[in-house]
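Read the structure below first, then the notes.
The first residue in the sequence is number 1, and the count goes up from there.
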Amino acid sequence: MTPFNDLTYRVLTDTHGTAATERQSSLQEVQASLVGSPNSPLIFALDSQGCFLSLAWPLAEQYGVNLERYIGRSLLQRLTASRELSLEALLAGDLSASNLTDTWTLQLEECQLTGQASLTLLQPADSACQLMGAIQVSQISRSGVLRPTPWRLGYRSQLTQFTWNIRRTLDLETIWQQTTDGLSTIFDVEWCGICPYTLHSTDVRVVAEVANTPGQTRRGETLVLAEYPSFREALRARRPVVSKPLGHDVEASETLLIAATNHHNEPNGLILLQATEGTRWDDLDCKLFQEVVQQIGTAIAHAYLFRDAQGLADELQAANQRLRQKHRELEEARHQAEEASRLKSEFLANTSHELRTPLNGMIGFLKLILDGMADDPEEQQEFLQEAHKSAIHLLNLINDVLDIAKIEAGKMQIDMAPVKVRELFLDVENFTRPQAEQKGLGFEIVVPPTRDEIIVNGNYQRLLQVILNLVGNAIKFTHEGSITISAEIKSQKIEFQDHEWPGIVKVSVADTGIGVSLEKQDRLFQTFSQVDGERTRQYGGTGLGLAISQRLVEAMGGVVQFISMGEGLGSTVTFTTLLYQEPVMIE
């Protein structure tokens, strides 16, 4: 027996073995045939889990019902009947054969449908569709009803799967989002949110949510506990509390279910479920919710412990890295100290040898004179000149040592004044040209053509000392070829000692000597460091010339550079000094 017309019954009995698209087409055919009928039935197809595969109702558009939104949702979660039904009972046998009819109430979000039902159990030919049925609607109401209880709707398996999902991860963000996703599905609510809580906190923040209704988004919102007594009650009572929705007045229905997650009787979060307006929560809902939040509280506690342990491990790793870095720094400092000690020892050995050489010369020539070894006044004069030359050389060595000591101590005072470049180069030429020609080397000074004097700002004696150092090194380490001293004017504004200067003069000393290998050039300007100790013993000197020159030039606002393409390829040393006034160039 069936209360439906022939076409409806044919669809129920003849489409169970068809494909999903053909079945939906048949249901739409039924819907079209029944438009305008005062008792138009709602026809549906279910899968093995009792979820809608397809629905058809001719009056859906008239009542604003969007049937597509219910595809995949459970029938029994929205159903009450005159007798208790379960999915297992429905699938236990061919209920239509036993002529089952019943009065059902189907709760949709838009309205409530009440009427007689008829079901057809399908054969296994269609693996997706297991059951088809229809409700001959006799009453349509928009009033709310009691929420269907998930305990009666086969949700135990979903609950087990849900708790297993949140317990298998230790990532807090994942747990929070899985909690809201799972609870919003199990309880079919409009909104679900979760808020972490720590003891004695005065507020909580929504860190994850599922909002099925536009405009309900609260993610990131901070909720002050003093403004929500129901929150504090849930934290204190350790049980679910029903309250009015967030932000609603006293006239609103109590559709918000709140429960505190906890671990070892210490709350660690709040979960909020907002039901559809017009529905209410019953005791079984609260009991199920409480069982779920206990599992969630344990998962959250474990995630916090894991995060703290991970943070401690990260801190220990960072501390270990800092210790290793400190060890490397100390090891490097030890190596540097050992290298400095070695360099100073080598420097002292070379310097003491250099000091003894002129001192022995002075003593030797004076001893010859005192012992009357000079044959005539001319030879005696020659002995005195050699002793004087040795004394001057000794004085220069001592001056180098004193200069570097002053520089290292920061007590080198340099008075700046205008210096004429041509006069400076003339003195350099008088001192060094004889030495170069004595070795058979070419000697050339190149100055740019100007209509007036090239004047720099510096200390005359210190500039002379720098150039003599550079030219002296060039002559010492060049056996054939030439020495070239040149100056180049560069017009560019320079700030030095709170004053702007019109440019710089770049002085270069180039030679065709032995050069320096690329890997050893970084040691040229180091104090107490010589490129090659064996070479120093061969050529003499303290090895302080370039280091002193660099410090003096920098103190006068310039820079020093050394250029050599390698051993045997000569070298060029340049330094800059401040241009006192810009000269007029000759084209």
Side-chain angles (χ1 to χ4, degrees), residues 400 403 407 412 414-436 441-478 481-497 499 501-513 515-516 521 524-525 544-565 570-586:
D400 281 350
D403 280 346
I407 291 172
M412 174 67 75
I414 298 179
D415 297 325
M416 308 281 282
V419 176
K420 295 180 179 180
V421 173
R422 290 186 185 275
E423 292 182 3
L424 183 64
F425 280 8
L426 183 59
D427 281 349
V428 171
E429 184 176 12
N430 291 335
F431 278 114
T432 58
R433 180 182 286 276
Q435 301 174 30
L441 303 175
F443 188 90
E444 183 181 10
I445 294 180
V446 181
V447 179
T450 60
R451 297 186 182 278
D452 50 355
E453 288 281 356
I454 302 175
I455 301 177
V456 297
N457 184 60
N459 183 282
Y460 186 91
Q461 293 299 325
R462 294 304 182 182
L463 288 173
L464 180 62
Q465 179 182 354
V466 169
I467 300 177
L468 289 177
N469 269 334
L470 301 183
V471 177
N473 280 342
I475 295 173
K476 180 190 300 185
F477 296 111
T478 303
S482 62
I483 309 296
T484 302
I485 306 170
S486 61
E488 180 184 358
I489 297 174
K490 292 183 176 292
S491 298
Q492 60 185 60
K493 301 297 183 182
I494 299 293
E495 291 284 342
F496 181 69
Q497 293 182 346
H499 185 77
W501 305 94
I504 60 173
V505 174
K506 182 179 180 181
V507 179
S508 301
V509 178
D511 62 63
T512 59
V516 178
Q521 291 180 18
L524 284 169
F525 297 98
L544 294 176
L546 282 179
I548 293 174
S549 298
Q550 183 186 44
R551 305 298 199 283
L552 293 176
V553 169
E554 291 176 348
M556 291 185 286
V559 293
V560 180
Q561 286 184 319
F562 181 89
I563 304 170
S564 178
M565 299 307 295
S571 60
T572 300
V573 184
T574 68
F575 73 90
T576 61
T577 183
L578 299 172
L579 188 61
Y580 184 78
Q581 63 183 25
E582 189 170 2
V584 178
M585 306 296 296
I586 297 176

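Side chains of Leu468 and Thr432 form a contact here, defined as non-hydrogen atoms less than 4.5 Å apart. Counting heavy atoms from C-beta on, the side chains of Ile445 and Phe425 come closer than 4.5 Å. The shortest side-chain heavy-atom distance between Ile475 and Ile483 falls under the 4.5 Å cut-off. With a 4.5 Å cut-off on side-chain heavy atoms, Leu463 and Met556 count as touching. Counting heavy atoms from C-beta on, the side chains of Ile454 and Val505 come closer than 4.5 Å. Counting heavy atoms from C-beta on, the side chains of Val471 and Val428 come closer than 4.5 Å.
The shortest heavy-atom contact between Ile414 and Ala555 is CD1-CB, 3.6 Å. Minimum interatomic distance between Ser549 and Leu470 (heavy atoms only, all atoms of both residues): OG-CD2, 4.4 Å. In this structure, Thr572 and Ala510 approach most closely via the heavy-atom pair OG1-CB, 3.5 Å. Minimum heavy-atom separation, Met585 to Pro448: CE-CB, 4.0 Å.
For the side-chain hydrogen bond (donor to acceptor under 3.5 Å, both in side chains) test, residues two or more places apart in sequence or in another chain that qualify with Ser571 are Asp511.
The CD atom of Gln561 sits 10.5 Å away from atom CD of Gln550, with the distance rounded to the nearest 0.5 Å. Within the model, atoms CG of Leu464 and CG of Leu552 stand 11.5 Å from one another, a figure rounded to the nearest 0.5 Å. Atoms CD1 and NZ, on Ile504 and Lys506 in that order, are 8.0 Å from each other to the nearest 0.5 Å. Arg422 CZ to Ile455 CD1: the interatomic distance, rounded to the nearest 0.5 Å, is 11.5 Å. Within the model, atoms CZ of Phe575 and CG of Leu546 stand 12.0 Å from one another, a figure rounded to the nearest 0.5 Å. Here the OH-CE distance, from Tyr580 to Met416, works out to 11.5 Å after rounding to the nearest 0.5 Å.
Glu423 contributes no side-chain N or O that, together with a main-chain N or O of Val419, makes up a donor-acceptor pair within less than 3.5 Å. Within the 3.5 Å criterion, the main-chain N or O of Gly570 finds no donor-acceptor partner in the side chain of Thr512. A distance-only check finds a donor-acceptor pair linking the side chain of Ser564 to the backbone of Val516 [under 3.5 Å].
Of the options Val466, Val560, Ile467, Asn469, a side chain to side chain contact (heavy atoms under 4.5 Å, CB included) to Val573 is made by Val560 and by none of the others.
The side chain to side chain donor-acceptor pair (under 3.5 Å) pairs that include a residue from residues 441-453 number zero, where partners must be two or more places apart or lie in different chains.
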Could you tabulate the donor-acceptor pairs under 3.5 Å formed by side-chain atoms of residues 484-494, not counting sequence neighbours?
unit_1 : atom_1 : unit_2 : atom_2 : d
Glu488 : OE2    : Lys490 : NZ     : 3.4
Ser491 : OG     : Glu582 : OE2    : 2.6

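Heavy atoms of other residues, nucleotides or ligands lying less than 6.0 angstrom from CZ of Phe496 number more than 12.
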